[in-house]
K.L.:
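I'd like to ask some things about the structure below.
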Number of protein chains: 4
Amino acid sequence: MRAHSLALAAPLSAEDAAAQSMPDASPAKWHLAHTTWFFETFLLEAHEAGFAPFHPAFRVLFNSYYNGVGAKHPRPQRGLLTRPGLGEVLAYRAHVDAHMARLLSRAEEGSALGALVELGLQHEQQHQELLLTDVLHLFSCNPLAPAYRAPAPEPGTAAVPPLAWWEHPGGLVQIGHAGAGFAFDNELPRHAVHLAPHALADRLVSNAEFAAFLADGGYQRPELWLAEGWDWRTAQGITQPMYWRPAPAGGWKVFGLDGEQPLRPQAPVSQLSYFEADAYARWAGARLPTEAEWERAAVDTAVAAHGPGGGAHGLFGKVWQWTQSSYAPYPGFRTAPGAVGEYNGKFMVNQYVLRGSSCATPPGHARASYRNFFPATARWQFSGLRLARDL
Amino acid sequence: MRAHSLALAAPLSAEDAAAQSMPDASPAKWHLAHTTWFFETFLLEAHEAGFAPFHPAFRVLFNSYYNGVGAKHPRPQRGLLTRPGLGEVLAYRAHVDAHMARLLSRAEEGSALGALVELGLQHEQQHQELLLTDVLHLFSCNPLAPAYRAPAPEPGTAAVPPLAWWEHPGGLVQIGHAGAGFAFDNELPRHAVHLAPHALADRLVSNAEFAAFLADGGYQRPELWLAEGWDWRTAQGITQPMYWRPAPAGGWKVFGLDGEQPLRPQAPVSQLSYFEADAYARWAGARLPTEAEWERAAVDTAVAAHGPGGGAHGLFGKVWQWTQSSYAPYPGFRTAPGAVGEYNGKFMVNQYVLRGSSCATPPGHARASYRNFFPATARWQFSGLRLARDL
Amino acid sequence: MRAHSLALAAPLSAEDAAAQSMPDASPAKWHLAHTTWFFETFLLEAHEAGFAPFHPAFRVLFNSYYNGVGAKHPRPQRGLLTRPGLGEVLAYRAHVDAHMARLLSRAEEGSALGALVELGLQHEQQHQELLLTDVLHLFSCNPLAPAYRAPAPEPGTAAVPPLAWWEHPGGLVQIGHAGAGFAFDNELPRHAVHLAPHALADRLVSNAEFAAFLADGGYQRPELWLAEGWDWRTAQGITQPMYWRPAPAGGWKVFGLDGEQPLRPQAPVSQLSYFEADAYARWAGARLPTEAEWERAAVDTAVAAHGPGGGAHGLFGKVWQWTQSSYAPYPGFRTAPGAVGEYNGKFMVNQYVLRGSSCATPPGHARASYRNFFPATARWQFSGLRLARDL
Amino acid sequence: MRAHSLALAAPLSAEDAAAQSMPDASPAKWHLAHTTWFFETFLLEAHEAGFAPFHPAFRVLFNSYYNGVGAKHPRPQRGLLTRPGLGEVLAYRAHVDAHMARLLSRAEEGSALGALVELGLQHEQQHQELLLTDVLHLFSCNPLAPAYRAPAPEPGTAAVPPLAWWEHPGGLVQIGHAGAGFAFDNELPRHAVHLAPHALADRLVSNAEFAAFLADGGYQRPELWLAEGWDWRTAQGITQPMYWRPAPAGGWKVFGLDGEQPLRPQAPVSQLSYFEADAYARWAGARLPTEAEWERAAVDTAVAAHGPGGGAHGLFGKVWQWTQSSYAPYPGFRTAPGAVGEYNGKFMVNQYVLRGSSCATPPGHARASYRNFFPATARWQFSGLRLARDL
């Protein structure tokens, strides 16, 4: 998992890896360092005999938001840290990896370190996805429209299949993580939720469908939007998804990790904010699913495998799917003691849950109980939607 | 009900009634006019034969947020409308009342007007509470600390009773409006919710308890706060509830409708934001209730009468009680067709539900299924909290 | 002079007099109180035996910017002072006037009070003009377009005379106040300035001329603007003078103290910012005069009388005339000791000098050496321009 | 001169050269590219037969503010241009240098190219100084306090000599560029200015003197500040010069191109805003000089040589010296036709003139008639002051 981070950063120049295109995004170099800081701070500092920091200033520089650890470099100024350079950050990674290997080789069977290491690796996987979305945002600010990678072979021109609905009669269901595998604290405890009768679309909303929303004046009709979303749209002058650009010959180009490409009508619409997803759903005579509805459906759908493509239904591996559920603690939610407990709980306000996973999610990271979350205005993630409706 | 608005405005000078102390608040004169506009626009304009507006510009001036009606005067500039003067607004009220009386006297039995009239009156009651909270905010900005009314006779010095817990074993409960009386669309449909075992405090958090939180460094300890709340607190320099002011001799004064008064330790703490209420609950080893937990308890509590004082438990008539529930549609929620349908649904994002009612709520307006809502930063309402915890 | 303030406020309702339409403007009631505060603070408090304040809080409430006096109510919140009401402010005026009359009746011949009283009266005259410009701005924010006064009788349709140039060969001239009459400290000391050969237009730029600038794309051509002015114009979306409004039938209406009126082509253009005046001058192949050039011409022009209309040349009584001169101290400039010395000197940065006087300037207040000053973005004053050019 | 830019950038990593620490500053890489763009756009594009751009997008990417050239990349986003990389920008420089050499080798004797080439080189020298001040600002944002270069050998501990005054009786003097050498358009035309009797300090204000101002509460006393300066200071929380940092053992460290160093009492105070310089002068019972006073003194002072150290009087080569003169056109000022005429004139508003030169000014770039200019809040330049007073 650690090597995958390096592989993701490999196409980047030192300059690419250092820049920060907005306060919400972080430089790739910072992602590489912060994920290493996690191991150094929560594992080595706490458990290594004779621990000495790689660099005493890094404890502050690469602390993201853990007040329990102490001071933090201001988030909007991460892009000003031209020093340490990328080379030094790579050396930091190698140093911590070596010390971690030694620490683990000496750990007794059944020690408590395992859970923290697992958390550190899952944490790093989260940053692997952010590294990609943040690089994409950075490149989107460059008039040269640089591509992070070569375009994938054209995925064919198969038409989007007609939408079918997965109906559910409602009633009590259990949601939340079950079983022995890893889960974040926010997926627990498993608990009962009562659902009303409803239906979920069996596939994602496509670019072609979203283009029809645009063509129908979707961004100009306040009755389709939440009031706060409309005000935000108007103040920001938003008239289309974040990376859609008018093509000179008409229609749209879409900026992605493979640079500017013609809009692929059959691909799922992506980089939507909650407000845009919600407006689309209202236009379509539907609504966003709740996270419990989504999880129930994902568990019950045999094709929900996480493999390449995530199945024809797109539950996983395409785009994260906005739900109408505010990010909130499950009944009985508990945080871990100490700074590491600042992981999830303190963000449970004014954010909305996304479910599934995206094309940028590292393999093996997704599961049906996984709860991603972003503010309703966030639109630089691989985030789209699946429709739901009441029965 | 209409006369009550005039009674509330009676202590105000024309200047008091015209000023707007922040974009979230409105001048009292605007409240008087807008509630009248509701009747003129949705009743008279739609149903009166030969309708002629009292003043053609008022349709825009006093439209709050109904895009279906058309243009709106910008909200932050409501305080610049020195014309029409208070006298003309009172004439507007009398004119519309007279026309409404005539319209209703001619309406056939069982006409559809009744529901709209009821909505208009309930709407006006909501603005009656806002008129008071907005005047209080305006007066709080004046170094002269003017009092809206004389202090109530000192309510005695009875100590706050020890807190007891209402325990509930969890399971399926029904929430939402039931029966024939009036309810807003957001209280419907009535539906099942599954609760986990939990307990609710049998009374409100008091000023004395909140003062202990302050004395324990509650506003200086980030681990007690949601991350966004901490950032907001820090950026705004907030170190105590909005209307608490250091008393020269130590301790606190509290600014209220009766001006600056010594802090009443046994009174419920008020004018809290969600962030402050949540931080207090965490400090107290508890949490905020969900709105379903609250409603279940209110329905089951025999003493939940709406009468003066709202009962010893303070469910009603003291302070609104923040819940941890994001303001969201109930399963199967539907809005009314037309502009009047913009009443509630479009605000269902990034707001939190408050339950109960306050000392500023007009008599008869509260009920157990009522859902008030404000952003997490709102702190100029009569808003406090009741603790909850998991069992 | 004191009575004139009351006469100016007479057409205003209590609400009109209390509102503040932007931080740069003040409520009329505040002007009435602050000018009174000047006498109470600098005359009565300092010189009256047994002085007792009218209201102890007024010393802070109505202090504008005198740090030497102490704390100040925040400027952007002047409109929130609904108390004291207009009636109480008028009583404050009467109280201070009575005490001032008694103080002066007992003052010895040749006492130092006279200079301070004169300063207080000149100060009040300045606020009389501001009262008008601030009311005009307030009314301009009201969609009802209220008129402060009835329109003047149509001033005829005489065409604007062809522009002639007053040429000057350059050389040493003396500027600054001379003689025994009153002058502000910023008009002193009188001193020599060397002028290059130049010419000044013998009349003001008219509305018709400015409309030609608009018609020629003047607000869309960056090469006509100072860089900061262009950025300001673009950010603010400014496309015409502040109170020009498109007339439904084409052309322009202009909002003024007499409400919305058709543009009067022959009237001098008014309510211009420095940036707009400068851009117009560049478009016209000319420039703004320096303040020394202006003063020299005003002194030498026999027709520069201050009487009604200010003469055909419009030096006085029409619109203030922007000069290209930054507001700076004259060589040897000295401020008075004490708080009253904060009158002018501390504002001598990032402001530009306007010369002459306007239709809102009280009679007798103007003179050739008078230096008015505003930031380059200020556009709510009666400010226009007179062209100049190098010879 | 072109090679000097490369030498200045040599100590920087690719990351250092790409980052932008505030909108007012530019990345070093951008300085390298923009100075090259000047030659490509104004020389090669205009005069080279068969001109082909190095990269068609660079015309926009590296345009600073020349509206006559066309579109510009937004200034605050210069730091997001991770592509082109530093290597490509260096190739751009080599390409343009080679084409320029060929163009010049073919130019006829007496062609008009010479003046443009000279302007391009002088322009590049200006950016050489900015490159240093911008890197210094960037490094100041890094908690690691990186040093751009090794500290100079300790310059001795010679005490600051007592201040003497250069007195001048006043009268007519000539200022502005004279003679055949290069000058910017803003130094012309040479013209007469009348001076009042005055005196100028024969040396710069030192760090020790400025520390005494701090110790005397200089940053806490509004009476010492211009009103706008005081508001700015308060809003920004400014309590000392920009790069002064409290030393753990008391006293001050100063961040400079050689990293954090103990404050050198005898060195001239630097990195002052106009507001701070003005406040110091008022505290010292003096004032800032006018630019004409400064230029007269510099011309008359035999020791005003530009050599290392700039002479004991510090007229050149130490710190730029704020004058009280607003940046304004000289009488008869003319801009060049075309886009290159946007060089100076359009910035002549709301800026103040600095005279002399600094330790960061390239050798040979300074002269007595040189007019540098910055807004009154600018404090990241090597800017200090020399006192003046009236006689």
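Protein chains get the first letters and strands the later ones, always in sequence-line order, with residue 1 at the start of each. Remember, predicted model here, so these are calculated numbers, not experimental data.
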K.L.:
Once you round to the nearest 0.5 Å, how far does CZ of R75(B) lie from CG of D231(A)?
P.N.:
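Going from the CZ atom of R75(B) to the CG atom of D231(A) covers 10.5 Å.
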
K.L.:
To the closest 0.5 Å, what do you measure between OG1 (T335(A)) and CZ (R282(B))?
P.N.:
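So the gap between those two atoms works out to 8.0 Å.
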
K.L.:
If you measure from CZ on F347(B) to CD on E228(A), what distance do you get to the nearest 0.5 Å?
P.N.:
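If I round to the nearest 0.5 Å, the distance is 10.5 Å.
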
K.L.:
Chain B heavy atoms under 4.5 Å from L172(A): which part of the residue, side chain, backbone, both or neither?
P.N.:
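Only the side chain of L172(A) comes within 4.5 Å of chain B.
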
K.L.:
Counting C-beta onward and ignoring hydrogens, is there a side-chain heavy-atom pair between F275(A) and V349(B) closer than 4.5 Å?
P.N.:
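A side-chain contact under 4.5 Å exists here.
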
K.L.:
Among A196(A), A192(A), P331(A), which has the most heavy-atom pairs under 4.5 Å with chain B?
P.N.:
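Looking at each option in turn, the highest pair count goes to A192(A).
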
K.L.:
Can you tell which part of P329(A) gets under 4.5 Å to a heavy atom of chain B, answering side chain, backbone, both or neither?
P.N.:
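For P329(A), the contact with chain B is made by backbone and side chain together.
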
K.L.:
I need the Y352(A) OH to S326(B) OG distance, nearest 0.5 Å.
P.N.:
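The OH atom of Y352(A) sits 3.5 Å away from the OG atom of S326(B).
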
K.L.:
Do you know which two heavy atoms are closest between D390(A) and G332(B), and how far apart they sit?
P.N.:
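Between these two residues, the closest heavy atoms are OD2-CA, 3.4 Å.
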
K.L.:
Answer with side chain, backbone, both or neither: which region of R221(A) has an atom nearer than 4.5 Å to a non-hydrogen atom of chain B?
P.N.:
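Neither part.
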
K.L.:
Could you measure the distance from the CD atom of Q351(A) to the CG atom of N350(B)? Nearest 0.5 Å is fine.
P.N.:
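Result: 9.5 Å between the selected atoms.
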
K.L.:
Give, as side chain, backbone, both or neither, the part of Y65(B) having an atom under 4.5 angstrom from any heavy atom of chain A.
P.N.:
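The answer is neither part of Y65(B).
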
K.L.:
Minimum heavy-atom separation for G345(B) and L226(A), please, with both atom names.
P.N.:
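That closest heavy-atom pairing would be O-CD2, 3.7 Å.
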
